[in-house]
Amino acid sequence: MLLFVLTLRQPAVMAGLLSLGAMLTPASAAESTPQSKSHSEALDNISISIGDYIVSPNANLTLNTPYGSASSGDVSSHQVHIPPLKADFLLGHSQGFAFDYYGFYRQYSDSVSRTYSTDPNDLTFSANASVNVGLDLANASYKWWFGSGPDVIGVGVGAAYYRIRFGVDANAATNINNASSSANASYSSDAVAPLIQLGWRHAFSPNSRMYVDASGIEKIGGNLSGRIYNASLGAEWYFAKNVGIGAEYSSTRINIDSDGSNGTLDLRMDGPTIFLKARF
């Protein structure tokens, strides 16, 4: 039976971003509606979101140790909560910056104990193992929006920073000659990779919208090669002038190979996200 423990690192910058948005908003915009008539009603001048990504990650970790290669196999955890943070800033009518971040750390362990009847002595065998996986992912991109009215299509290019940490610790023992063995190893590194984003926005009204987003990150060579893909479908509704809620369903695939064949990580996450949103 596997026991999973998740430590979340909620970003502590929401209040600062809200203050920044208020300072960056022109006084004339504060006196009018949040949407400027000069750009599509599917876009906001400034939009900030913080949410709860509810997933059951499926991971496959392989890590080289001094005693050989240790593999976790496909392991699915219980439901966990990951707090993503997003911020979008529109420049002019159809261009802007976008930022997003999430991070999590997960640890799971397994143990087994068996006694076998033998002649003349019983054989007792026990073993336990623990694996931990940590990931931080931050994206920054410059976006172009095409279209007017209620529908726009966006293309973004930028860079992604990702940091990964994983390790394994295992040991086994028997009551025959007090024999025991153990293996442990860990790895931590970070990298920057190019990012491409595609998106579509549709406004049913100035206060209700839906959207589709897709992004791809791929790095060849270096200390952390691999690829990260994400796709999401969502909707948002502003019940007040500057405050609203949103919901989306996302699917994320992560495949990372460390330098020197230290290890590999395959991670799959699928699930809904609930957002609290602010716009200016």
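Computed from heavy atoms alone, side chains included, the values below leave out hydrogens, waters and symmetry copies.
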Practice task
Using only heavy-atom distances, determine whether the side chains of Tyr161 and Asp190 contain a donor-acceptor pair under 3.5 Å.
Solution key: yes
Exercise for the section: Would you indicate whether the side-chain heavy atoms of Arg163 and Leu137 approach each other to under 4.5 Å? Expected result: no
Handout entry: Close side-chain approach of Ser251 to Tyr229, heavy-atom, < 4.5 Å
Key = no
Fill in the blank from the handout: Rounded to the nearest 0.5 Å, the CD1 atom of Ile256 sits from the OH atom of Tyr162 at a distance of 4.5 Å
Practice task
Determine the minimum heavy-atom distance between Val212 and Arg201, stating which atoms define it.
Solution key: O-NH1, 4.0 Å
Exercise for the section: Output yes when a side-chain donor or acceptor of Tyr211 lies under 3.5 Å from a complementary backbone atom of Glu248, and no otherwise. Expected result: no
Exercise for the section: Determine whether Asn255 and Leu265 make a side-chain contact, defined as any pair of heavy atoms from C-beta on separated by less than 4.5 Å. Expected result: no
Practice task
Specify the closest pair of heavy atoms between Ser250 and Ser232, including all atoms of both residues, with the distance to one decimal.
Solution key: OG-CB, 3.2 Å
Practice task
Spell out, yes or no, whether Ile46 and Leu91 are grouped together once hydrophobic residues are joined by side-chain heavy atoms under 4.5 Å, including indirect joins.
Solution key: yes
Exercise for the section: For the pair Glu236 and Asn207, evaluate side-chain contact (heavy atoms from CB on, under 4.5 Å) and give the outcome as yes or no after the intermediate values. Expected result: CA-CA 8 Å; Glu236 57 188 29; Asn207 295 322; over 6 Å; no
Completion exercise
Looking only at heavy atoms, the pair that brings Ile217 and Ala193 closest together is CG2-CB, 3.5 Å
Practice task
State, to 0.1 Å, how close Asp88 and Ala98 come at their nearest heavy-atom pair, and which atoms those are.
Solution key: OD1-CB, 3.2 Å
Handout entry: Minimum side-chain heavy-atom gap Thr273-Lys86 below 4.5 Å
Key = no
Problem - Step-by-step side-chain contact (heavy atoms from CB on, under 4.5 Å) determination, Leu195 to Ser141 - result: CA-CA 7 Å; Leu195 165 70; Ser141 64; 4.1 Å; yes
Problem - Check: Phe239 ring centroid to Trp237 ring centroid under 6.0 Å - result: yes
Practice task
Decide side-chain contact (heavy atoms from CB on, under 4.5 Å) for Phe146 and Val152; before the verdict, give the C-alpha distance in whole Å, the side-chain angles of both, and the deciding distance to 0.1 Å.
Solution key: CA-CA 5 Å; Phe146 304 94; Val152 291; over 6 Å; no
Exercise for the section: Mark yes when over 12 heavy atoms from residues, nucleotides or ligands other than Ile196 sit less than 6.0 Å from its CD1; otherwise mark no. Expected result: no
Handout entry: Residue pair Ile254 / Asp266, side-chain heavy-atom distance below 4.5 Å
Key = no
Problem - Chi angles and distances behind the side-chain contact (heavy atoms from CB on, under 4.5 Å) call for Val55, Val80 - result: CA-CA 6 Å; Val55 295; Val80 298; 3.7 Å; yes
Completion exercise
In this structure, CG of Asp100 is separated from CG of Asn139 (nearest 0.5 Å) by 4.5 Å
Exercise for the section: Specify the closest pair of heavy atoms between Leu267 and Pro57, including all atoms of both residues, with the distance to one decimal. Expected result: CD1-CB, 4.0 Å
Handout entry: Residues Arg253 and Asp270 bridged, charged N to O under 4.0 Å
Key = yes
Problem - Validation row: Lys277, Val243 side chains within 4.5 angstrom (heavy atoms) - result: no
Exercise for the section: Decide whether a cation-pi geometry holds between Arg209 and Phe204; the criteria are a distance under 6.0 Å from NZ or CZ to the six-membered ring centre and an angle within 45° of the ring axis. Expected result: no
Handout entry: Minimum side-chain heavy-atom gap Gln95-Trp145 below 4.5 Å
Key = no
Handout entry: 4.5 Å side-chain heavy-atom contact, Met269 and Phe104
Key = yes
Fill in the blank from the handout: Separation between OG (Ser208) and OH (Tyr238), nearest 0.5 Å, reads 11.5 Å
Problem - Spatial distance of atom CZ (Phe99) from atom CZ (Phe89) [nearest 0.5 Å] - result: 6.5 Å
Handout entry: Sidechain N-carboxylate O distance under 4.0 Å for Arg227, Asp257
Key = no
Handout entry: Distance, nearest 0.5 Å, that separates CD1 of Ile228 from NZ of Lys219
Key = 11.5 Å
Fill in the blank from the handout: Rounding to 0.5 Å, atoms CG (Asn230) and CD (Gln197) come to a distance of 9.5 Å
Handout entry: Lys/Arg-Asp/Glu bridge criterion (N-O < 4.0 Å) met for Asp44, Arg279
Key = yes
Practice task
Locate the shortest heavy-atom distance separating Ala138 from Tyr101; write the atom from each residue and the value.
Solution key: CB-CD1, 4.1 Å
